[in-house]
Amino acid sequence: MEPRTYTTRRIGIVDALAKALKKINGTGHYATNLYNNVSPRLLFWDEVKDFPAVHLNPGQERREYQGGGYKDRFLSVMVRCYVEEEDAATALAYLLEDVETVLEENSKLKYYDRTGQEQFTHQISVISIDTDEGVLEPLGVAEIQIEVRY
């Protein structure tokens with residue numbers, strides 16, 4: 001099958017993000033151990049059984065048309081982080097730092113399109129970070145809105 005140049009690659013990108021986030025294992029410069037508890041799809045509160053957890057939810061995708069037929073593609077992804085700790089606000093802060101570290105270290109993220117061709121993102125940008133500010137303790141939830149340019 002001939003690969004199409006300008007199609008969505010959201011599945012490959014989200015899967016690669018999930019794989020990268022599984023590096024958060026409590027060793028080295030990571031404060032949190034996710035125990036590979038990362039899902040490339042959104043799970044709701046009643047589905048979250050193990051903490052800490054990170055779930056990804058791809059959202060809106062847009063195009064910017066450049067000269068010569070070139071298109072920049074931008075994919076919004078919500079990274080939802082869950083913790084359950086006595087001091088949930090602090091645990092959530094550490095997890096957010098770890099997630100942001102992974103995103104920064106993998107801004108040029110390798111992923112595979114649906115034909116198995118190796119591709120790379122151009123940039124991953126954090127757009128916003130929002131938390132429950134401790135009101136749900138011992139549970140804690142945060143959302144990191146990112147934009148992936150590819």
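Every value quoted in this text rests on a predicted model; they were computed, and no experiment measured them.
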Quiz prompt | Heavy-atom check, side chain of Cys81 versus side chain of Val141, under 4.5 Å | solution = no

Quiz item: Counting only heavy atoms not in Ile127, do more than 12 fall under 6.0 Å of its CD1?
Solution: yes

Quiz item: Taking the side chain as C-beta and beyond, is there a heavy-atom pair between Val148 and Val14 under 4.5 Å?
Solution: no

Exercise. Output, in order, the C-alpha distance, side-chain angles, deciding distance and verdict of side-chain hydrogen bond (donor to acceptor under 3.5 Å, both in side chains) for Gln117 and Thr115.
Key: CA-CA 6 Å; Gln117 296 294 313; Thr115 65; 4.5 Å; no

Exercise. Answer yes or no: is there a donor N or O on one side and an acceptor on the other, between the side chain of Thr121 and the main chain of Arg149, under 3.5 Å?
Key: no

Quiz item: How long is the gap from CD on Glu137 to CG on Leu92, to the nearest 0.5 Å?
Solution: 9.5 Å

Quiz prompt | Gap separating the NZ atom of Lys110 from the CD1 atom of Ile13, nearest 0.5 angstrom | solution = 14.5 Å

Self-check item: Nearest heavy atoms of Pro58 and Leu75, plus distance in Å
Solution: CB-CD1, 4.4 Å

Self-check item: Intermediate values then yes/no, side-chain contact (heavy atoms from CB on, under 4.5 Å), Phe51 and Leu139
Solution: CA-CA 9 Å; Phe51 297 92; Leu139 299 173; 4.0 Å; yes

Quiz prompt | Nearest heavy-atom neighbours spanning Val48 and Ala53 | solution = CG1-CB, 4.4 Å

Exercise. Compare every heavy atom of Ala89 with every heavy atom of Gly134, then report the nearest pair and how far apart it is.
Key: CA-CB, 4.5 Å

Quiz item: Which atom names give the shortest non-hydrogen contact between Asn33 and Pro52, and what distance separates them?
Solution: O-CG, 3.4 Å

Quiz item: Val54 versus Leu34: any side-chain heavy-atom pair under 4.5 Å?
Solution: yes

Quiz prompt | Side-chain heavy-atom pair Arg80, Ile144 within 4.5 angstrom cut-off | solution = no

Quiz item: In terms of heavy-atom contacts, does CD of Glu86 have more than 12 from other residues, nucleotides or ligands at under 6.0 Å?
Solution: no

Exercise. Taking all heavy atoms of Asp15 and all of Pro40, pick out the closest pair and write down the distance.
Key: OD1-CB, 3.6 Å

Exercise. Could you go through the salt bridge (charged side-chain N to carboxylate O under 4.0 Å, His left out) check for Glu61 and Arg10 one step at a time?
Key: CA-CA 9 Å; Glu61 195 167 345; Arg10 59 196 299 122; 3.1 Å; yes

Exercise. Look at the rings of His55 and Tyr82 and say which category their plane angle falls in: under 30° parallel, 30 to 60° tilted, over 60° perpendicular.
Key: tilted

Quiz item: How long is the span from the CG atom in Leu95 to the OG1 atom in Thr32, to the nearest 0.5 Å?
Solution: 4.5 Å

Practice problem: Check whether more than 12 heavy atoms from other residues, nucleotides or ligands sit under 6.0 Å from atom CZ of Phe120, and answer yes or no. | Solution: yes

Exercise. Working to the nearest 0.5 Å, report the span between CD1 of Ile124 and CD of Glu100.
Key: 12.0 Å

Quiz item: Which is it for Tyr112 and Glu118 under the side-chain contact (heavy atoms from CB on, under 4.5 Å) test, yes or no, and what are the steps along the way?
Solution: CA-CA 5 Å; Tyr112 296 91; Glu118 185 178 275; 3.7 Å; yes

Quiz prompt | Flag side-chain contact, heavy atom, 4.5 Å: Lys19 against Val38 | solution = no

Quiz item: When you measure from the side chain of Asp98 to the backbone N and O of Ile24, does any donor-acceptor pair fall under 3.5 Å?
Solution: no

Quiz prompt | Donor on one side chain, acceptor on other, His29 and Glu105, under 3.5 Å | solution = yes

Quiz item: So, do Leu17 and Leu103 sit near enough that their side-chain heavy atoms are less than 4.5 Å apart?
Solution: yes

Practice problem: Apply side-chain contact (heavy atoms from CB on, under 4.5 Å) to the pair Arg73 and Arg62, showing each step before the final yes or no. | Solution: CA-CA 6 Å; Arg73 293 165 289 182; Arg62 66 183 175 86; over 6 Å; no

Self-check item: Distance (rounded to the nearest 0.5 Å) between Glu147 CD and Ser128 OG
Solution: 11.0 Å

Self-check item: Residue pair Glu133, Thr131: steps toward the side-chain contact (heavy atoms from CB on, under 4.5 Å) verdict
Solution: CA-CA 5 Å; Glu133 298 300 328; Thr131 74; 2.8 Å; yes

Quiz item: Would a 4.5 Å heavy-atom cut-off, applied to side chains only, mark Asn106 and Lys23 as touching?
Solution: yes

Quiz item: Around atom OH of Tyr94, are there more than 12 heavy atoms of other residues, nucleotides or ligands at under 6.0 Å?
Solution: no

Exercise. Any chance you could measure Arg63, atom CZ, to Tyr70, atom OH, to the nearest 0.5 Å?
Key: 11.5 Å

Quiz prompt | Over 12 non-hydrogen atoms of neighbours within 6.0 angstrom of NZ in Lys22 | solution = yes

Exercise. Kindly indicate whether the side chain of Leu109, heavy atoms from C-beta on, has any atom under 4.5 Å from the side chain of Tyr150.
Key: no

